[in-house]
Amino acid sequence: MARSYKGVRPKKNRVYSVDDVMIDYGVCRNTVSNWVQSGLATSDNKRPHLFRGSQLSAFHKARRERSRTTLLAGEFKCRVCDIAVCPPRESIDFKVCQGREMLIASCPECRGVVTKISSKPDRGLLVGCINPNTPGESSDEEIGLPLGDIGTEAEILHCQNDRLFYVWQGYANKYDVKTADSHLAAIRDLEVFLDGKPFDKLNRDDLSSYRNHLRELLKVEGRARLSRSTVSHRLSHLRAFVTWLRMQEGYKRLPEDLAGYLELPRSSLAMGPAGRLKEQPTIKEAEDLLRAMPDRTVKQRRARAIFATAFLGALRADTLLSLQIKHVQVECWRIIQDPTVSRVKNGKALTIQWFPIPDLFAQTLIGWVEDLQSYGFADRDALFPNIGLLSKRVGHATQPRAPIAAMTSKKAVTEAFKAACKGHIKSYTPHSARRTIGGLRDILSLTNEQRTAWSLNMGHEKEPT
């Protein structure tokens, strides 16, 4: 089995312990130690080791790329793992094969045999390892490449606070994963602004300067500009972090009023430009787009069903893709939003009555559910399975199988909306479906009770939302 770890995507801002890396990559402790010896950069020189997510990604990306180029002294291409590996030098040995001098060793990842044609640097490295008069630090000079050091300068230098952030990540488990990532992104932005300054030395001037920096980004033009919402949320996240920070051992001497230096008056936030108006189709326009979508292949029918369901239940992309077949109750025209199974915002459990929109949307979803049932898919299978599983008709498996899991990427929803808007004068995003359904409430003649029910059906706790 290939061990290039292409499917493992550590979050760049997060900090990982050795145990975290072992779980995410499915490896043993010795393998992580081998990675460190092969150049994986740690956050600092202390133990137990901690690793930045960006460095983990850079290390494995570099190893995959190194396996396609000239190998360095001590490096071998493992055909099983499909990466460049650096076996322990004492395991490297000579072998003559068809008149050629070869090197043979054991892959530290899969324990398989790796070979390469002997070169002068390799022979010098091996001789240096065998020669007892060769200093160990000298024999290390040529082996491998500090692969983990590949990345931006900011990613390499700004690691002084990683142990603090690792402790904070444990505290942030009370948040949804996306919320915690948003908080951490704001904290990392402050760290980069302060050029990696240790947070036990934070002072009022640091936070005041950062606040003024964000104030300026409200006014600039171009891609560097930040919206009012972004600035407001970033400051809110940092105030919560600073409040937590002052309760930690070693940080209690920080000024008590630090969080107050991360506040902006409403007048300052109002100075930010409102930004461009977000596009959304009318319900008639959405119906025309759905009608024009092709349905010859399974992938095309899945795209039509995704597009229709987004409007029928006013669903976010992540929630939409994590639905199971049993969550669509065709007989009573409902969609069940179950936070124990689906990825929903703020963990809201919700029973969504299909919105009163043209019948084509309901017919498309019902037809898709019937297709899945004819393919042998069961109630606990994903409503929108991976296209590879659909093509292979996995549902018709003769042996008992585990439920088909939902896709983790939202790419299928994005592609469905791109397919719907192909050739159209405007291009709409998946979230435009919610805006369309929200706007439809103000167009229809509804009573106050109906308007409230409409908002609650969209998951809004208050009618004005």
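Note that the coordinates shown come from a computational prediction; the quantities given were computed from them, not determined experimentally. Side chains are part of it too, since the values below use all heavy atoms of this structure and drop only hydrogens, waters and symmetry mates.
Ring geometry for Tyr428 versus His424: interplanar angle of 30 to 60°, hence tilted. By the 30° and 60° cut-offs, the orientation of the rings of Phe199 relative to Phe165 is perpendicular. Taking the six-membered ring for Trp and thresholds of 30 and 60 degrees, Trp244 and Trp168 have ring planes more than 60 degrees apart, a perpendicular arrangement.
Checked by atom type and distance alone, the side chain of Thr452 pairs as donor or acceptor with a backbone atom of Asn448 at under 3.5 Å. Side chain of Gln160 to main chain of Asp44: no donor-acceptor pair is present (N/O by atom type, distance under 3.5 Å, no hydrogens or angles). Looking only at distances, no side-chain donor or acceptor of Thr436 sits under 3.5 Å from a matching main-chain atom of Ile283. For the pair Glu370 (side chain) and Gly367 (backbone), a donor-acceptor distance under 3.5 Å is absent. A donor-acceptor contact shorter than 3.5 Å is absent between the side chain of Arg334 and the backbone of Trp354. Proximity of a side-chain donor or acceptor of Arg246 to a complementary backbone N or O of Leu254 within less than 3.5 Å is detected. Under the 3.5 Å distance criterion, the side-chain polar atoms of His327 are matched with a main-chain donor or acceptor of Gln324. Checking side-chain atoms of Asp24 against main-chain N and O of Val21 turns up no donor-acceptor pair under 3.5 Å.
Within the 4.5 Å cutoff, no side-chain heavy atoms of Lys348 are placed close to those of Pro339. Residues Leu264 and Arg215 form a side-chain contact, since some pair of their non-hydrogen atoms from C-beta on lies under 4.5 Å apart. The shortest side-chain heavy-atom distance between Leu350 and Val344 does not fall under the 4.5 Å cut-off. With contacts defined as side-chain heavy-atom distances shorter than 4.5 Å, the pair Arg401/Asp381 qualifies. The side-chain heavy atoms of Phe311 and Arg434, taken from C-beta on, include no pair separated by under 4.5 Å. Residues Gln55 and Thr42 are not in side-chain contact: their nearest non-hydrogen atoms beyond the backbone lie 4.5 Å or more apart. Between Phe377 and Leu390, some side-chain heavy-atom pair lies under the 4.5 Å cut-off. Side-chain contact between Leu226 and Val220: absent, with no pair of heavy atoms (C-beta onward) separated by less than 4.5 Å.
A donor atom on one side chain and an acceptor atom on the other are not found under 3.5 Å apart for Ser229 and Ser232. Side-chain contact annotation: Arg163 with Ser43, donor-acceptor N/O pair under 3.5 Å absent.
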For the pair Lys201 and Asp206, evaluate salt bridge (Lys or Arg N to Asp or Glu O under 4.0 Å) and give the outcome as yes or no after the intermediate values. CA-CA 9 Å; Lys201 294 181 173 58; Asp206 293 332; over 6 Å; no

Quick one: do Arg14 and Asp20 satisfy salt bridge (Lys or Arg N to Asp or Glu O under 4.0 Å)? Show the steps, please. CA-CA 11 Å; Arg14 282 189 172 261; Asp20 295 333; over 6 Å; no

Would Phe355 and Leu440 count as a side-chain contact (heavy atoms from CB on, under 4.5 Å) if you check the C-alpha gap in whole Å, the side-chain angles of each, and the deciding distance to 0.1 Å? CA-CA 10 Å; Phe355 285 92; Leu440 185 62; 6.0 Å; no

Applying side-chain hydrogen bond (donor to acceptor under 3.5 Å, both in side chains) to His237 and Ser182, what does each step give before you reach the verdict? CA-CA 8 Å; His237 296 338; Ser182 178; 3.1 Å; yes

Please step through side-chain contact (heavy atoms from CB on, under 4.5 Å) for the pair Asn457 and Ile437, ending with a clear verdict. CA-CA 11 Å; Asn457 205 43; Ile437 297 301; over 6 Å; no

Test side-chain hydrogen bond (donor to acceptor under 3.5 Å, both in side chains) applied to Asp19 and Ser17, step by step: CA-CA 5 Å; Asp19 289 338; Ser17 67; 5.1 Å; no

Tyr210/Phe193 under ring-ring contact (aromatic ring centres under 6.0 Å, His included): CA gap, chis, key distance, verdict: CA-CA 7 Å; Tyr210 181 73; Phe193 176 79; 5.4 Å; yes

Run the side-chain hydrogen bond (donor to acceptor under 3.5 Å, both in side chains) test on Arg343 and Thr319 for me, step by step, so that the C-alpha distance in whole Å, both residues' side-chain angles and the decisive distance to 0.1 Å come before the verdict. CA-CA 5 Å; Arg343 302 185 294 267; Thr319 303; over 6 Å; no

Test Tyr251 against Leu164 for side-chain contact (heavy atoms from CB on, under 4.5 Å), laying out the working first. CA-CA 10 Å; Tyr251 298 85; Leu164 170 67; 3.8 Å; yes

With side-chain hydrogen bond (donor to acceptor under 3.5 Å, both in side chains) as the test, would you mind laying out the steps for Glu191 and Asn161 before giving the verdict? CA-CA 8 Å; Glu191 182 187 41; Asn161 299 302; 3.1 Å; yes

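No more than 12 heavy atoms of other residues, nucleotides or ligands shown are found within 6.0 angstrom of CZ on Arg380. Environment of NZ in Lys299: sparse, with no more than 12 heavy atoms of neighbouring residues, nucleotides or ligands closer than 6.0 Å. Within 6.0 Å of the CD atom in Glu249, the count of heavy atoms belonging to other residues, nucleotides or ligands does not exceed 12.
The only member of Glu285, Arg304, Gln363 that meets side-chain contact (heavy atoms from CB on, under 4.5 Å) when paired with Leu290 is Arg304. Only one option out of Asp318, Leu321, Leu315 pairs with Val413 in a side-chain contact (heavy atoms from CB on, under 4.5 Å); it is Leu321. Evaluated for a side-chain contact (heavy atoms from CB on, under 4.5 Å) with Thr429, the options Arg435, Gln280, Glu279 yield exactly one hit, Arg435.
One finds the NZ atom of Lys410 at 14.0 Å from the CD atom of Glu415 (value rounded to the nearest 0.5 Å). Residue Arg234 holds its CZ atom at 13.5 Å from CZ of Arg239, rounded to the nearest 0.5 Å. Here the CZ-CZ distance, from Phe361 to Arg291, works out to 9.0 Å after rounding to the nearest 0.5 Å. Atom CE of Met22 and atom OH of Tyr16 lie 16.0 Å apart (nearest 0.5 Å). The CG atom of Asp162 lies 7.0 Å from the CG atom of Leu50; values are rounded to the nearest 0.5 Å. Ile357 CD1 to Leu444 CG: the interatomic distance, rounded to the nearest 0.5 Å, is 11.0 Å.
Minimum heavy-atom separation, Met407 to Ala412: CE-CB, 3.7 Å. The two residues Leu184 and Asn13 make their nearest non-hydrogen contact at CD2-O, 3.3 Å. Residue Ala433 comes nearest to Ala310 through the heavy atom pair CB-O, 3.7 Å, listed as atom of the first residue, atom of the second, then distance. The minimum heavy-atom distance between Arg52 and Lys12, with the atom names listed, is NE-O, 3.8 Å. Across Ala416 and Ile306, no two heavy atoms sit closer than the pair CB-CG2, 3.9 Å. Closest of all the heavy-atom pairs between Ala420 and Leu289 is O-CD2, 3.3 Å.
The ring of Trp35 has its center closer than 6.0 angstrom to the ring center of Tyr25. Aromatic ring centres of His183 and Tyr175 lie closer together than 6.0 Å.
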